[in-house]
Amino acid sequence: MSVQETIRKLDSEGISGRKIAVQLNLSRATVAKYLSITNYSPAPPRTGQRPAGSVITGFEETISTWLEGDRGRPRKQRHTAQRVFDRLVDEENYQGTYSPVQRFIKRYKQERQSDNDGFLELDWAPGTIQVDFGEAEVILNGEQKVVHLFVVTFPYSNMRFAQAYGGQTAECVCHGLWTVFEHIGSVPHRMIFDNATGVGRRVKTKVLETKLFAAFKAHYRSEAKYCNPYSGNEKGNVENAVGFLRRNLMVPLPVAASLEGLNKVLLERCDRLGDKPHWRRKILIKDLFAQDVQAGLALPGVGFDPVRYESRKADKHGHLKVGSNTYAAGPVFARRSLTVGIRHDVVEILDEQASVLRRFPRIFGDHPETIMEPSGVLALLAHRPGAWANSPVRAVVSDPVRDWMDTAHTEDRRRLLTALDKASETAGFETAIQAAGQIIEQGDDPGHETLSMLARRLAEGTEPETGDVDLSVYDRLFAAQEESVLA
């Protein structure tokens, strides 16, 4: 029994306050205090506000002016309490500590908080996706690189998918969406984007979509919505998913030979996320995701080809620009108008009949060197074999071929370049160089028709294993013939 309860009980028995104090060994003032309380009903707690302190006096107007100036500015570029404190010290000769400044700003914001502040919990219908990009580090072909992680989430079921790309272009977005749509066998009704990431640009309140993405939407009959600026809460599901997938699928750093191989693994790992229960509904994610798939549209009969075609004019060297990088179509195309097919992973050079002439890996960012296909200059080198020493092809061939070409006479060099050009047309440049290297190592002249034949066999995987030839079989054959004659 508490002291208060004992005092109240003795008082109910008619014992005076003086005797209660003596009996409980308490002061008469303490007994009188508890006997004077008439209402013991619970009361809500009150948090006492500490005063800002006299040290802040005189700076209130300055701080208020700075905070008022933040209205209408981006949320990430507004004054924090720390920034206000630093400015007061540097500009206003403030001598106090940080705490009074922090308490003043907290009270200032609380007093001006409106009904529009805070976030609504949004309800997402099945068949809706959210789309965003993040960055992650991976090891590709033995080299550590930063990739752009394209993430698609279904907020109704919390199912998540990820693909890795070299950039955040419309080609990457369309290819990523195409991959997810084909993988799940359904097309979401609505796609939510963060400020037109990769698919367009915002001009004030209007979003101007790229032609490629507009064609993509028309192909799949889906619609796109764009978040308001600085309103990431409108797609909070995918914001969380970017960090979740980065922590759970890419730690430790994934190792792959190519982006294509990495993306295949990412899809498999994302599928396994469906075996976990939903964080709120306590139902397996894959069971909820089935409703997402069912609510979507049917896939069209033909898949969308996410490629952007543009016209380019090659310079006098046969080079042309795609973005900030230079690609070498070849001297034979100097000063010609060509069509460029720009995909998420390759850049294609097409002729007037839309036939692919050259295909290069797409390079994102600024690449200082010209991106080239060595076979594109072999024909010109065959006509000008004296340019071999300074040609870009010399740096990309194997040592046996380089050494042979460096020491060969002009006509012999011309013959090998011509043979390499012919072999590259059917077997590819690298295979042609491999075949030439094998012929040289055997001590033969590589500038013959046998080069094309060997290159084709290597490309088809039909080249027999080399080794020492066993000639003893002929000795046994001749011995058998002599025995038959004597008999």
Side-chain angles (χ1 to χ4, degrees), residues 140-143 257-258 317-319 327-333 349 356-361 369-485:
L140 290 179
N141 199 22
E143 182 179 353
S258 64
H317 302 291
H319 298 173
Y327 293 81
V332 69
F333 301 106
I349 310 298
V356 177
L357 303 171
R358 300 280 185 269
R359 182 177 282 108
F360 307 92
E369 300 178 358
T370 300
I371 302 153
M372 62 170 293
E373 171 59 45
S375 61
V377 298
L378 287 176
L380 183 62
L381 272 178
H383 289 288
R384 302 175 184 175
W388 162 257
N390 299 313
S391 72
V393 179
R394 184 180 181 278
V396 297
V397 301
S398 60
D399 290 339
V401 177
R402 185 186 303 112
D403 295 340
W404 193 94
M405 295 281 278
D406 289 344
T407 58
H409 295 294
T410 300
E411 287 304 317
D412 292 335
R413 187 182 297 158
R414 188 195 309 276
R415 284 190 300 102
L416 178 53
L417 288 169
T418 302
L420 286 172
D421 183 35
K422 183 177 180 181
S424 296
E425 293 180 358
T426 56
F429 176 78
E430 293 183 358
T431 306
I433 294 297
Q434 180 184 354
Q438 287 190 13
I439 295 175
I440 291 172
E441 289 175 349
Q442 292 173 5
D444 297 329
D445 185 352
H448 292 291
E449 291 293 331
T450 54
L451 176 62
S452 293
M453 183 184 304
L454 178 58
R456 284 196 301 271
R457 289 180 175 177
L458 290 173
E460 296 170 358
T462 58
E463 174 62 13
E465 295 183 2
T466 58
D468 297 331
V469 179
D470 184 10
L471 300 179
S472 62
V473 63
Y474 295 102
D475 296 335
R476 292 193 295 271
L477 176 61
F478 294 146
Q481 290 177 344
E482 291 178 358
E483 290 177 1
S484 62
V485 170

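As the structure is a computational prediction, the values presented were derived from the model and not from experiment. In this chain, numbering begins with 1 at the start of the sequence shown.
For the atom pair CD1 of I440 and CD1 of I433, the computed distance is 8.5 Å after rounding to the nearest 0.5 Å. The line from CG of L416 to CH2 of W404 is 5.0 Å long, rounded to the nearest 0.5 Å. The CD1 atom of I439 lies 4.0 Å from the OG1 atom of T450; values are rounded to the nearest 0.5 Å.
By the side-chain contact (heavy atoms from CB on, under 4.5 Å) test, R415 is found to be paired with D412, D445, H448, residues two or more places apart in sequence or in another chain being considered. By the side-chain contact (heavy atoms from CB on, under 4.5 Å) test, T370 is found to be paired with H319, T326, A328, residues two or more places apart in sequence or in another chain being considered. Residues satisfying the side-chain contact (heavy atoms from CB on, under 4.5 Å) test with T410, not counting sequence neighbours, are P385, R414. Residues satisfying the side-chain contact (heavy atoms from CB on, under 4.5 Å) test with E430, not counting sequence neighbours, are none. Qualifying ring-ring contact (aromatic ring centres under 6.0 Å, His included) partners for F333, counting only residues two or more places apart in sequence or in other chains: none.
Looking at heavy atoms from C-beta onward, L458 lies in side-chain contact with Q438 at the 4.5 angstrom threshold. With a 4.5 Å cut-off on side-chain heavy atoms, M405 and L417 count as touching.
What you find for A432 and A455 is that their closest heavy atoms are CA-CB, 4.2 Å. The shortest heavy-atom contact between A459 and T431 is N-CG2, 3.8 Å. Closest of all the heavy-atom pairs between F429 and S424 is CA-OG, 3.5 Å. Taking all atoms of both residues into account, the shortest heavy-atom contact from P446 to A436 is CB-O, 4.2 Å. In terms of heavy atoms, R358 sits closest to A329 at NE-O, 3.0 Å.
A salt bridge (charged side-chain N to carboxylate O under 4.0 Å, His left out) check over residues 389-405, counting only residues at least two apart or in different chains, returns the pairs R394-D406, D399-R402.
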